[in-house]
Amino acid sequence: MRSDAVKKGDSRAPHRSLLRACGLSDADMKKPFIAIVGSHVDIIPGHVHLNAVNEFVKKAVRAAGGVPFVFNTIGICDGVAMGHDGMKYSLASREIIADAVESMIAAHKFDGMICIPNCDKIVPGMLMAAVRCNIPTVFASGGPMEAGRDADGNPLDLISTFAGAAARQNGQISARELSRLEEKSCPTCGSCSGMFTANSMNCLCEALGMALPANGTLLATSRERKKLYAAAAKRIIEMVRIQDAKEKIAAGLKADAPTVVEKYVDRSGKAKKRTRTLDLDFPILPREMITKASVDNAMVLDMAMGGSTNTILHLLAIANEAGLKYNLNRFNELSEKTPHICKVSPSCAYHIEDVHNSGGIHTILGEIRRGCPGLLNTDCPTVTGKTLGQNIDEYDLRSRKVLNKAKELYAVTPGGKRTNQGMCVAKKYKTAADVPLKFDPKDCIRPCANAYSKKGGLAVLSGNLAPNGAVVKSAGVLPEMMVHSGPAVVFESEPEAYNGIVSGKVKAGDVIVIRYEGPKGGPGMQEMLAPTAAIKGVGLDDSVALITDGRFSGGTAGACIGHISPEAAAGGPIAFVKDGDIIEIDIPKRKINLKISAAEMQRRQKSFKPRPPRYKSGYLAKYTKLATSADTGAILKWD
């Protein structure tokens, strides 16, 4: 085992002495060492309950035959960091998380790890680390938040409150109405309840093959998550045993394929046991699972469900860690082939809990497989020990081969009470068919023949304003804003833009330009949720577009185009835009252009002078020097 490097032989007596001080026994020294990579943080709703999850997984690993070791990463709540300079640390924290997990795994020679992330940056940071370390890994997230409800039973979420805050500043709602939104929008622990970045990434883990089915949609409050965590613990021990046997064989040593004893209930209802031999030929390592084919699968899912634009940023960074050549052009190629079949808040009133009751991620993938044969790479391996295609067979609620346990899994419903405790709500219904839904599941997850659009919910634009590309969540753009031309109203920062919007500086027909908010210029590429929510709050979402070298929250909807590359701080054309310049946006044709002559563009470029960095000390000063523009995934480069 990999952990033998710290526990085997006379020379490791000092190491074992330290391990004994941590509570380990002689028997423990012979077992696999499993890292439980937690991310408990008291100030993030998606992570506030994760101490309890850590402890449950710890016990489950013990029961499965491993020795668990818990450590936690940092985490930044984008919502709490929003609207002030704290947001500059959010994307930048992804690299800290990746480095920290890599450091812990490499230094202590763990045999395998279970990653327990939940919110934006933590998920991709851990995925980047998993690819670097390349040891058996299973992702098991903290789960999504329940949607809030107003007095009439209508769904609410964090975006409801952001829009309400802007509406209050504009005098459109009362202080009491805003207070009600604040109290009702985020009722439980878990990642925010729409298809925002956190939930998008947790769902994409299923398509990448790194997480078990329902990882991204099963509510944080549900007791059923205990079964998912127990399954993850059991599977990581199997994967470590497989890897150990493979390494022995590679070293010329004798090693038989490991076996496991499973309990099951036969058709007569009797409890029985059977022995199963583990497959030594099945791929189990992160670099065997995160391939160009599986990244394509993740992107097809993202296009089908209209996920967050941030997923493009993170998938590029993950692909880079895996040594894959993956660029923005590939996203458009897949978007052209992928129908948009699932809309979730902020693009409509459905929330993650509705997607779950409709059959979850594997039912979305199942509809894509039925409607677009050959688009998904169904032979890709996953942490279940089966291929993606086999997982779809068993967990697509509309599949003829769907398992009974999958039908039961999709019957989980919200508790409807405020709580910051996870895994606490009992299941009320036996199967998904028993849940009294107030909507049609085939509208929440549509067949391809009834798709919202024939093309995916994300699009990459290019033109003289974004030579290296820009990204828009087309799923959230109103039909009348898919093509737009208007005068630029330029802001040099996100706070300046927010104040300008709520004070009336922006008029119908304008194109808001927010620059020097890219990875290097911000620094940190902070999210623009406050300005986009303000646009909606003041009633301009059907007549105003926003472009930026920054990025957007997964909760953003509207004609909001981000990730403009190169960014302003790198001398990109967005730095040359002046108030009143006409900007032309054509999302169906994937174009974004500044309507000035080539000669004028060249003249402005020659007169461009780089701005001094905003930070000259601390982490953000270092990040500024190393960060690259969004078209690379905002990765760090030092050579």
Side-chain angles (χ1 to χ4, degrees), residues 124 195 200-201 203-204 206-209 289-343 361 364-380 388-389 392 448-449 451-477 482-483 551 561-566 585-593 629-635:
M195 190 59 77
S200 295
M201 288 304 303
C203 292
L204 263 55
E206 296 184 43
L208 281 170
M289 294 184 191
I290 298 180
T291 61
K292 189 175 184 295
S294 71
V295 174
D296 275 357
N297 286 340
M299 206 61 243
V300 167
L301 172 63
D302 210 17
M303 296 292 180
M305 67 184 186
S308 165
T309 55
N310 285 324
T311 53
I312 293 181
L313 195 72
H314 297 320
L315 283 173
L316 286 170
I318 294 163
N320 176 72
E321 292 290 351
L324 305 174
K325 291 183 179 180
Y326 211 93
N327 58 45
L328 283 174
N329 292 331
R330 182 59 178 161
F331 294 104
N332 264 350
E333 291 172 9
L334 293 172
S335 182
E336 290 292 318
K337 302 174 184 177
T338 307
H340 179 206
I341 63 172
C342 181
K343 273 194 179 184
I361 295 310
I364 297 176
L365 295 172
E367 289 293 0
I368 292 295
R369 184 171 66 171
R370 280 186 287 276
C372 304
L375 182 57
L376 288 170
N377 302 294
T378 53
D379 290 336
C380 287
L388 182 67
I392 294 172
C448 292
Y452 289 100
S453 65
K454 293 181 180 180
K455 296 182 180 181
L458 299 173
V460 176
L461 313 185
S462 61
N464 70 353
L465 191 51
N468 293 351
V471 180
V472 62
K473 187 174 183 174
S474 52
V477 180
M482 294 295 283
V483 177
R551 63 193 177 96
I561 299 159
H563 303 205
I564 287 185
S565 300
I585 300 165
D586 191 327
I587 296 172
K589 292 184 178 179
R590 309 298 197 245
K591 296 294 183 183
I592 180 168
N593 286 297
S629 290
D631 60 301
T632 68
I635 61 172

Could you walk me through whether Ile341 and Met305 pass the side-chain contact (heavy atoms from CB on, under 4.5 Å) check? CA-CA 6 Å; Ile341 63 172; Met305 67 184 186; over 6 Å; no
Handout entry: Residue pair Ile392, Arg369: steps toward the side-chain contact (heavy atoms from CB on, under 4.5 Å) verdict
Key = CA-CA 9 Å; Ile392 294 172; Arg369 184 171 66 171; 3.4 Å; yes
Go through the steps for Leu388 and Asn297 under the test side-chain contact (heavy atoms from CB on, under 4.5 Å), then give the verdict. CA-CA 9 Å; Leu388 182 67; Asn297 286 340; 3.5 Å; yes
* Full working for side-chain contact (heavy atoms from CB on, under 4.5 Å) between Val460 and Arg590 -> CA-CA 6 Å; Val460 176; Arg590 309 298 197 245; over 6 Å; no
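Residue pairs meeting the salt bridge (charged side-chain N to carboxylate O under 4.0 Å, His left out) criterion with at least one partner in residues 304-329, sequence neighbours excluded, are Arg132-Glu321.
In this structure, CG in Leu301 is found 5.0 Å from CG in Leu204, a value given to the nearest 0.5 Å. Distance check, rounded to the nearest 0.5 Å: CD1 of Ile368 to CG of Leu376 gives 6.5 Å. The OG1 atom of Thr309 sits 9.0 Å away from atom NE2 of His314, with the distance rounded to the nearest 0.5 Å. Within the model, atoms CG of Leu315 and CG of Asn320 stand 12.5 Å from one another, a figure rounded to the nearest 0.5 Å. Taking CG from Asp302 and CE from Met201, the interatomic distance works out to 8.5 Å, rounded to the nearest 0.5 Å.
Ring geometry for Phe331 versus Tyr326: interplanar angle over 60°, hence perpendicular rather than tilted (30 to 60°).
Judged by distance alone, with hydrogens and angles left aside, the side-chain atoms of Ser335 form a donor-acceptor pair with the main-chain N or O of Leu458 at under 3.5 Å. Checked by atom type and distance alone, the side chain of Ser453 pairs as donor or acceptor with a backbone atom of Lys455 at under 3.5 Å. The main-chain N or O of Gly457 is found under 3.5 Å from a side-chain atom of Ser474 such that the two form a donor-acceptor pair. Ser294 places a side-chain N or O within 3.5 Å of a backbone atom of Met289 that can act as its donor or acceptor partner.
Residues Cys372 and Glu367 form no side-chain contact, since every pair of their non-hydrogen atoms from C-beta on lies 4.5 Å or further apart. Contact annotation: the side chain of Thr291 never approaches that of Asn377 to less than 4.5 Å [non-hydrogen atoms, C-beta and beyond]. The closest side-chain heavy-atom distance from Met482 to Pro588 is below 4.5 Å. Using a 4.5 Å heavy-atom cutoff, the side chains of Ile318 and Val295 are not in contact. Contact annotation: the side chain of Thr338 approaches that of Leu375 to within less than 4.5 Å [non-hydrogen atoms, C-beta and beyond]. Looking at Asp631 and His563, their side chains never come closer than 4.5 Å, going by heavy atoms from C-beta outward. Between Asn332 and Leu328 there is no side-chain heavy-atom pair separated by less than 4.5 Å. Ser200 places none of its side-chain heavy atoms less than 4.5 Å from the side chain of Asn310.
None of Leu461, Asn468, Ile592, Val471 except one satisfies the side-chain contact (heavy atoms from CB on, under 4.5 Å) rule with Ile564; the exception is Ile592.
Partners of Ser462 according to the side-chain contact (heavy atoms from CB on, under 4.5 Å) rule, which considers only residues two or more places apart in sequence or in another chain, do not exist here. By the salt bridge (charged side-chain N to carboxylate O under 4.0 Å, His left out) test, Arg330 pairs with Asp296, Glu333, sequence neighbours left out.
For the residue pair Ala475 and Gly306, the shortest heavy atom distance occurs at CB-CA, 4.0 Å.
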